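A quick note: this is a predicted structure, and the numbers were derived from the prediction, not measured. Both ligands and their constituent atoms are indexed starting at 1 by order of listing.
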Amino acid sequence: MKEDNKIINTRAADNLSNLKMDRRSMLKGTAALGLVLVEDSLGRVTQVARQTLPTPITNPTKIQGAPPGILGTRSVFEKPVKLPSFTSARTPLQDLYGTITPADLHFERDHAGVPFIEPSKHDLLIHGMVEKPMSFTLEDIKRFPVFTRICFIECSGNFRTGKTTLTPQEICGLTSQSEWTGVMLSTLFREVGIKSKASWFIAEGGDAALMTRSIPLNKAFDDAMIVYAQNGEAIRPEQGYPLRLLLPGWEGNTQIKWLKRIELTDQPYMTREETSKYTEPIAGGKIRQFSFVMDARSIITFPSYPLQISRGWVEIRGIAWSGRGRIRRVEVSVDAGRSWQEASLQEPILRKAHTAFRYLWHWNGRATLIMSRAIDETGYRQPSYRELVKARESKGGYHFNPITVWEINGNGEVFLVNDR
Ligand SMILES: Nc1nc2c(c(=O)[nH]1)N[C@H]1C(S)=C(S)[C@@H](COP(=O)(O)O)O[C@H]1N2
Ligand SMILES: [Mo]
């Protein structure tokens, strides 16, 4: 918590939980059972800790525990956090279990900060090459048939290297997965009636960046959604509250948050986000534009830097994903890439979704390199860093999805291997 955060309410929140038990007996041996609400410098109120470390720690079977509260909290012993910078915050992939990212740990990339939007004042305008331009309130949108799916969102700039001391969060923490709920974009497009000459739509956000992207119309009739909920609750402000464009499998940048306008056109608009940014070099001095789909990728999240393993059985674990569909196979090498073994995939193996994999390995105590590579249902295989550098004639850039290689040294310490 930053220093300018102020604790605004502990007592009132206690009242909210409507306690009916003898508080004195509960407080005995427990420093604080109250709900603590904290307001940060931006006026955002969060609950930081309902459960705090009891002093002294007593036998929990001998003393009344904390009463139910208005919100759940994490155990004080669990401290997964995002890694924020000025314009993004990364998901701690190495601290997560399964494949759903807790909403408060979803990565974040904001080009002009997170806007404060009142849902009652937020409309979605759909106009341009349509029979009937329409403006939809949030209420209107929620009346259409509801649809739910699980998929990842990944920033196309999701790659870091250059140091041996990088964690999965630092290497590729700009990918997260949620269960999203909303309406199919095609449903809204049928409502307004798309003119036959329309072939693109332009999506614009209601933040100070007025983030705008041109999207081929086909995507709307494939699987594009307008979502208002994430993991069972209203979508978070950081993820686009109250409305976001969801384009499963496509680069994060196209999935406009705080969506307020869609214009049907017969050509892309060539916005800043599709000319000066979000293009990448390919061989022959050429630049690729409108590279929407995220290629297959995987990373071993355990073991990873800064862990140290000991000799014996180690279950190698990680996640794999592809913007083109399902993960078909994940292969793991524990001998520096000389041989590859098939990892087990955890069901469900969903399209365009993070998929957990594991591989049981007996570490004999000798230094080695371990790595994983994803193969998706199209047959695409995740490339090595060297293969990618050769193909792109560049050592980074957007859509850079190389195999992550971990060195295990003779002491069992794990470090990132660069340039391999
Ligand atoms: N309106 C708006 N939409 C936006 C952005 C933005 O800054 N403004 N950032 C984009 C980028 S670059 C990415 S990677 C994703 C990030 O989504 P998240 O913050 O929910 O993880 O949102 C995209 N949509
Ligand atoms: Mo992004």
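The side chain to side chain donor-acceptor pair (under 3.5 Å) pairs that include a residue from residues 263-273 are Arg261-Glu263, Glu263-Tyr269, where partners are two or more places apart or lie in different chains.
Judged by distance alone, the side chain of Glu331 and the main-chain N or O of Ala374 form no donor-acceptor pair under 3.5 Å. Distance alone, capped at 3.5 Å, places no donor-acceptor pair between the Gln177 side chain and the Ile153 backbone. A donor-acceptor pair is defined here as one N or O able to donate and one able to accept, closer than 3.5 Å; no such pair exists between the side chain of Lys286 and the backbone of Pro281.
Other residues, nucleotides and ligands contribute over 12 non-hydrogen atoms within 6.0 Å of the CZ atom of Arg288.
Protein neighbours of ligand 1 below 4.0 Å, counting non-hydrogen atoms: His106, Phe107, Glu108, Arg109, Asp110, His111, Cys155, Gly205, Asp207, Met211, Glu238, Gln239, Arg244, Gly252, Asn253, Gln255, Ile256, Lys257, Trp258, Tyr278.
In this structure, Trp180 has its ring center at least 6.0 angstrom away from the ring center of Tyr228.
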